[in-house]
Amino acid sequence: MNKVLELEEVSRTFSSGVFRTHTVRAVDRVSFALERGKTFGLVGNSGCGKTTLSRMITRVLKPSGGRIRFEGEDIARLDRKGSRAYHRRVQIIFQNPEASQDPSMRIRDSLLESMAIHRLGESREERMEKIRAALGQVGLPNPELVAKRYPHTMSGGQRQRVMIAMAMACNPKILFADEPTTALDVTMQAQILDLMNHLKEKRGTSILLITHDLGVVAKMADRIAVMYAGKIVEYGDARQVFYRPSHPYTWGLLGAMPNLIQDVKSELYAIPGTPPDLYAPPKGCAFAARCPYAMEACLKEDPPEFACGQGHGSRCWLLDPRAPDVTPPEGIPPLPKGGSDHV
Ligand code: SF4
């Protein structure tokens, strides 16, 4: 089986208010698959549902609908033993390494505890051997010394390397990276991304990368999904999403990326407006209030998925054969017209 993780129409609704009468659909029928040894990038602004989705994948939250399968097995049906194995096989790296490391514990003790929880290694000496090897593999010089240090004596980049070492020591099938480089400077960011790529190639680990940073997914991802207001609005191979994007929100995200040939005095582009309030979601397309191409149909009905290439889809009425031709922003090829079908 090539798909290591599959999400099928996964949704999550929250209720609030005194009588739990207000509901918000934070994640709405999200489907995608992560293939063995590949990187899948999930991109979107804050509040688009990425974190809720990641909590469901890590079993912190239960989906309100849909299914999540790990190697073909529904993770909602795992028994205690299966659940422990799943948590060992899906390892997480968080945005903020210091928030996930106990400041009162030496690196060695945190790693020993984690390995004991996952029942890795027979003896303390065997575990220490694995710890030294893992710290060395993530490029930390003198692993013996690093193991004795406390997290606060290390830089952000070193702490993130420790997190990756901790995750890789469990020999995971999936490395789940939730904004892994947001708290780091750009040099350290590049080093951490190179390290993750290196470990993926060496061990065949799949990476699920959640980020708001298109630069990070450009460097890492084989496939990409763009989320907006709880839904995937565009998905495809990295080349398709970067070179033939077909959703105005993706156009906006790409337009907001700084580039080296830009006049330094020109203002950076920002998508106008703010994301919709999901307690009172708009009728029709959730991006309509911010979209310069919005048409009457966009305000009435939520767009379905349209195919716009092999393995490339988008939720935008502009791909409907009946939609008028529009001129995309500079550098973006025209949208495929006429032959597009609903997925
Ligand atoms: Fe814009 Fe309409 Fe497409 Fe939504 S469906 S992104 S409002 S053109």
Side-chain angles (χ1 to χ4, degrees), residues 9 11 24-32 41-50 52-53 211-214 217-218 223-257 268-343:
E9 300 267 306
S11 300
V24 58
R25 187 169 269 234
V27 173
D28 192 0
R29 289 165 290 145
V30 164
S31 303
F32 67 83
L42 199 59
V43 193
N45 58 294
S46 302
C48 74
K50 303 187 304 275
T52 306
L53 198 57
T211 180
H212 66 275
D213 188 338
L214 277 177
V217 282
R223 282 188 69 75
I224 297 172
V226 180
M227 274 189 91
Y228 188 76
K231 288 187 179 137
I232 288 182
V233 293
E234 179 163 7
Y235 62 88
D237 288 347
R239 291 186 70 83
Q240 290 168 327
V241 174
F242 276 97
Y243 295 112
R244 303 197 71 83
S246 58
H247 194 283
Y249 179 56
T250 318
W251 297 347
L253 290 178
L254 290 169
M257 279 175 78
L268 274 178
Y269 171 75
I271 301 173
T274 52
D277 177 2
L278 293 181
Y279 280 103
K283 202 175 168 211
C285 173
F287 190 57
R290 309 173 75 187
C291 179
Y293 307 92
M295 306 167 280
E296 213 182 314
C298 309
L299 306 174
K300 289 185 178 154
E301 206 180 325
D302 197 16
E305 272 184 31
F306 291 92
C308 40
Q310 196 166 6
H312 184 194
S314 177
R315 282 175 172 269
C316 177
W317 282 121
L318 291 176
L319 290 153
D320 189 290
R322 295 163 294 175
D325 285 334
V326 296
T327 309
E330 200 186 330
I332 290 176
L335 287 169
K337 297 295 288 181
S340 301
D341 289 316
H342 292 202
V343 172

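The chain is numbered in sequence order, starting from 1. As the structure lists them, so they are numbered: ligands from 1, and atoms in each ligand from 1. In this text, all values refer to a predicted model and were calculated from it rather than measured experimentally.
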Asks: Are Arg239 and Asp237 within salt-bridge range, i.e. N to O under 4.0 Å?
Replies: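 Between Asp237 and Arg239 there is no salt bridge, as every charged N stays at least 4.0 Å from the carboxylate O atoms.
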Asks: Side chains of Val233 and Phe287, heavy atoms from C-beta outward: is any pair under 4.5 Å?
Replies: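 No, too far: nothing below the 4.5 Å cut-off.
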Asks: Evaluate side-chain contact (heavy atoms from CB on, under 4.5 Å) for Ser11 paired with Arg25, printing each intermediate quantity in order.
Replies: CA-CA 7 Å; Ser11 300; Arg25 187 169 269 234; 3.5 Å; yes
Asks: Less than 4.5 Å apart, any side-chain heavy atom of Cys316 and any of Ser246?
Replies: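 A side-chain contact under 4.5 Å is absent here.
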Asks: In this structure, are over 12 heavy atoms from other groups packed under 6.0 Å from Arg244 atom CZ?
Replies: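 Not buried by this count: 12 neighbours or fewer within 6.0 Å.
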Asks: Run through the protein N/O/S atoms less than 2.8 Å from atom 3 (Fe) of ligand 1 and write them out by chain and number.
Replies: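 As for protein N, O or S atoms lying under 2.8 Å from atom 3 (Fe) of ligand 1, they are Cys316 SG.
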Asks: Show your reasoning for whether side-chain contact (heavy atoms from CB on, under 4.5 Å) applies to Asn45 and Tyr249.
Replies: CA-CA 11 Å; Asn45 58 294; Tyr249 179 56; 2.9 Å; yes
